[in-house]
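Before any comments, here is the structure.
In listed order, ligands and their atoms are each counted from 1. Just so you know, residue 1 is the first one in the sequence shown, and it goes up from there.
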Amino acid sequence: MAAAPFAAGDSPSPTAALLPHSHSGATPSPRPSSTSSRLHILLTAALAITTSYLLLHHHHRTPLSAAPAATARPQVKLEKPVVILISSDGFRFGYHHKAPLPHIHRLIGNGTSAATGLIPVFPTLTFPNHYSIATGLYPSSHGIINNYFPDPISGDYFTMASHESKWWLGEPLWVTAVDQGIQAATYFWPGSEVKKGGWDCPEKYCRHYNGSVPFEERVDSILGYFDLPSDELPQFMTLYFEDPDHQGHQVGPDDPAITEAVEHMDEMIGRLIDGLEARGVFEDVNIILVGDHGMVGTCDKKLVFLEELAPWIELEKDWVLSMTPLLAIRPPDDLLLQDVVSKMNEGLRSGKVENGEYLRMYLKEDLPSRLHYSENYRIPPIIGLVEEGYKVEMKRSNKNECGGAHGYDNAFFSMRTIFIAHGPRFEGGRVVPSFENVEIYNVIASILNMEPAPNNGSASFPDTILLPKFCDNVAIFQEEQVYCNQLQELPAGYSVGNNSQC
Ligand SMILES: [Zn+2]
């Protein structure tokens with residue numbers, strides 16, 4: 001059985017990422033060489049025609065007041081646009097102020113970043129969020145509704161090691177790319193080992209997850225792609241690091257171990273920048289550095305024990321499919337779901353359950369719609385929302401531990417992560433309002449000139465964050481080959497046309 005493809009109220013529309021932008025004034029003209037003066041005339045004429053066309057039709061276009069005024073920097077060395085999408089797991093927004101982090105701040109200063117961070121999707125867990133970034137879909141649409149869950153119909157169990165395509169709905173970026181003839185490479189990303197569409201996780205371009213591979217080796221492998229012949233260089237690459245999530249769970253977000261972990265992440269970003277600079281391509285590459293969610297401190301007194309609800313309802317352990325922070329319950333069929341929710345909430349509000357006021361139960365269809373967490377048969381029927389920093393356990397124990405957790409309501413500021421982007425399509429020193437990570441799919445599709453699959457992002461979002469393409473008003477091509485974005489001179493044998501091929 002297929003899951004509902006899209007959440008109610010989220011009717012996704014195929015985006016128009018290939019529509020030309022309307023910024024005619026600032027388009028840089030390619031400089032003609034001395035041997036191509038006739039082409040220069042042609043080019044000037046074409047620019048004039050295109051410009052007047054755009055001026056004539058400008059009033060039909062939606063004004064893009066939020067869009068930057070400049071156009072993209074021309075690429076110097078690489079022939080095609082390239083995106084490296086990097087995830088630093090659990091990089092809570094604000095961690096980048098824990099230490100100087102010169103390399104990350106170089107990307108921020110010369111790139112575009114989200115003012116108060118990137119907003120994760122609910123539940124703020126690793127697999128749902130990474131796959132939302134890759135597909136532009138909410139978990140209810142892409143099917144990865146938790147890090148682990150049973151399929152209520154087949155009884156099969158999803159874990160973070162499940163690579164069968166039946167679990168992974170939607171179309172991740174690496175599939176969109178290869179299906180449109182664009183080379184992609186994944187150095188770890190949830191879902192990247194799944195065979196889907198034209199993507200079969202090829203040995204040369206797809207790494208099978210192994211958390212013990214040193215971060216340095218991961219960076220160096222990405223750099224190695226830039227030593228390949230240009231037609232073998234992937235245009236889309238993912239790079240994944242488990243830190244600082246790993247440390248955050250152990251010690252919480254405010255601990256010297258976190259500062260150390262983010263300093264190490266900064267070293268890895270520096271290693272990547274150095275390697276790209278040594279190859280003369282740093283300014284040509286679009287680097288997008290994100291996290292999947294934030295982190296909040298948890299401690300022994302912030303606990304709710306479900307056994308204390310026994311006077312109202314005795315919960316069986318096997319009804320509870322996920323405990324904390326996302327409490328997900330599927331009671332047996334002979335119980336009325338609404339009764340279970342009512343009895344639990346009655347107990348939680350009675351004042352007789354420790355911290356009961358910090359947990360509230362919902363039928364999934366009654367959850368706030370902003371969570372987009374009901375329209376999938378895989379989502380258990382009863383969901384509990386726990387307050388920031390609280391955890392749920394079955395039985396009281398003598399455990400006395402403090403650490404960190406995520407998975408909470410994505411409205412909590414502690415769950416926010418980073419969005420930092422640098423490259424020819426991102427304006428330097430620009431700060432944009434925070435946005436949800438489902439917007440990233442369309443942004444990358446736009447940079448790579450791909451037709452995006454239907455998704456929950458907004459079709460107009462890329463225009464608000466990207467510089468218009470260098471060749472928006474004019475394309476330069478020789479026979480079948482189209483050169484967009486990189487030519488500064490017009491060599492002999494090239495001609496000028498409209499931008500329909502960009
Ligand atoms: Zn994570």
Side-chain angles (χ1 to χ4, degrees), residues 85-96 98 104 114 117-135 137-139 142-149 158-162 167-168 172 186-193 207 209-213 215 218 238-255 257-258 261-262 264-265 268-269 288-298 322-326 328 371 373 386 388-389 391 403-420 436-438 440:
L85 175 64
I86 307 169
S87 166
S88 174
D89 202 308
F91 199 116
R92 172 174 163 166
F93 179 76
Y95 278 2
H96 56 298
K98 280 182 178 282
I104 289 175
L118 180 65
I119 304 168
V121 295
F122 180 82
T124 52
L125 296 167
T126 300
F127 268 53
N129 272 278
H130 275 95
Y131 205 51
S132 285
I133 294 168
T135 59
L137 297 169
Y138 291 113
H142 67 50
I144 307 302
I145 54 114
N146 202 328
N147 286 340
Y148 50 89
F149 58 88
F158 174 85
T159 72
M160 291 186 274
S162 300
W167 298 109
W168 305 82
T186 53
Y187 208 120
F188 305 162
W189 200 276
S192 63
E193 291 168 63
R207 302 295 174 123
Y209 183 67
N210 174 2
S212 66
V213 178
F215 291 178
R218 305 180 193 188
T238 70
L239 175 57
Y240 170 79
F241 302 106
E242 292 84 353
D243 292 355
D245 180 75
H246 172 67
Q247 295 83 356
H249 282 290
Q250 293 176 331
V251 295
D254 298 304
D255 187 280
I258 301 298
V262 297
H264 188 225
M265 284 312 310
M268 293 307 102
I269 299 302
I288 301 178
L289 172 61
V290 298
D292 51 346
H293 51 72
M295 184 69 67
V296 69
T298 55
S322 162
M323 183 80 79
T324 194
L326 178 64
L371 297 176
Y373 202 64
V386 68
E388 191 175 22
K391 286 169 81 175
H406 55 87
Y408 300 92
D409 189 334
N410 63 342
F412 293 140
F413 192 67
S414 57
M415 294 298 105
R416 286 211 190 168
T417 181
I418 46 165
F419 176 88
I420 297 165
E436 286 193 330
N437 67 15
V438 293
I440 293 173

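If you look at Asp292 and ask which of its N, O or S atoms sits nearest the Zn ion (ligand 1), the answer is OD2. With respect to the Zn ion (ligand 1), Asp89 has OD1 as its nearest N, O or S atom.
The nearest N, O or S atom of Asn129 is not closer to the Zn ion (ligand 1) than 2.8 Å. Coordination check, Asp245 versus the Zn ion (ligand 1): failed, since every N/O/S atom of the residue sits at 2.8 Å or beyond. Metal site remark for the Zn ion (ligand 1): His293 contributes an N, O or S atom at a distance under 2.8 Å.
The one candidate from Asn410, Asp89, Thr124, Thr417 that meets the side-chain hydrogen bond (donor to acceptor under 3.5 Å, both in side chains) condition with His293 is Asp89.
Residues passing the side-chain hydrogen bond (donor to acceptor under 3.5 Å, both in side chains) test with Ser132 are His142, sequence neighbours excluded.
For the residue pair Thr126/Asp292, the side-chain donor-acceptor check at 3.5 Å is satisfied.
When atom types are taken as modelled, the side chain of Asn147 and the backbone of Phe127 share a donor-acceptor pair closer than 3.5 angstrom.
Remark: Asp254 engages Lys98 in a salt bridge, criterion side-chain N to carboxylate O under 4.0 Å.
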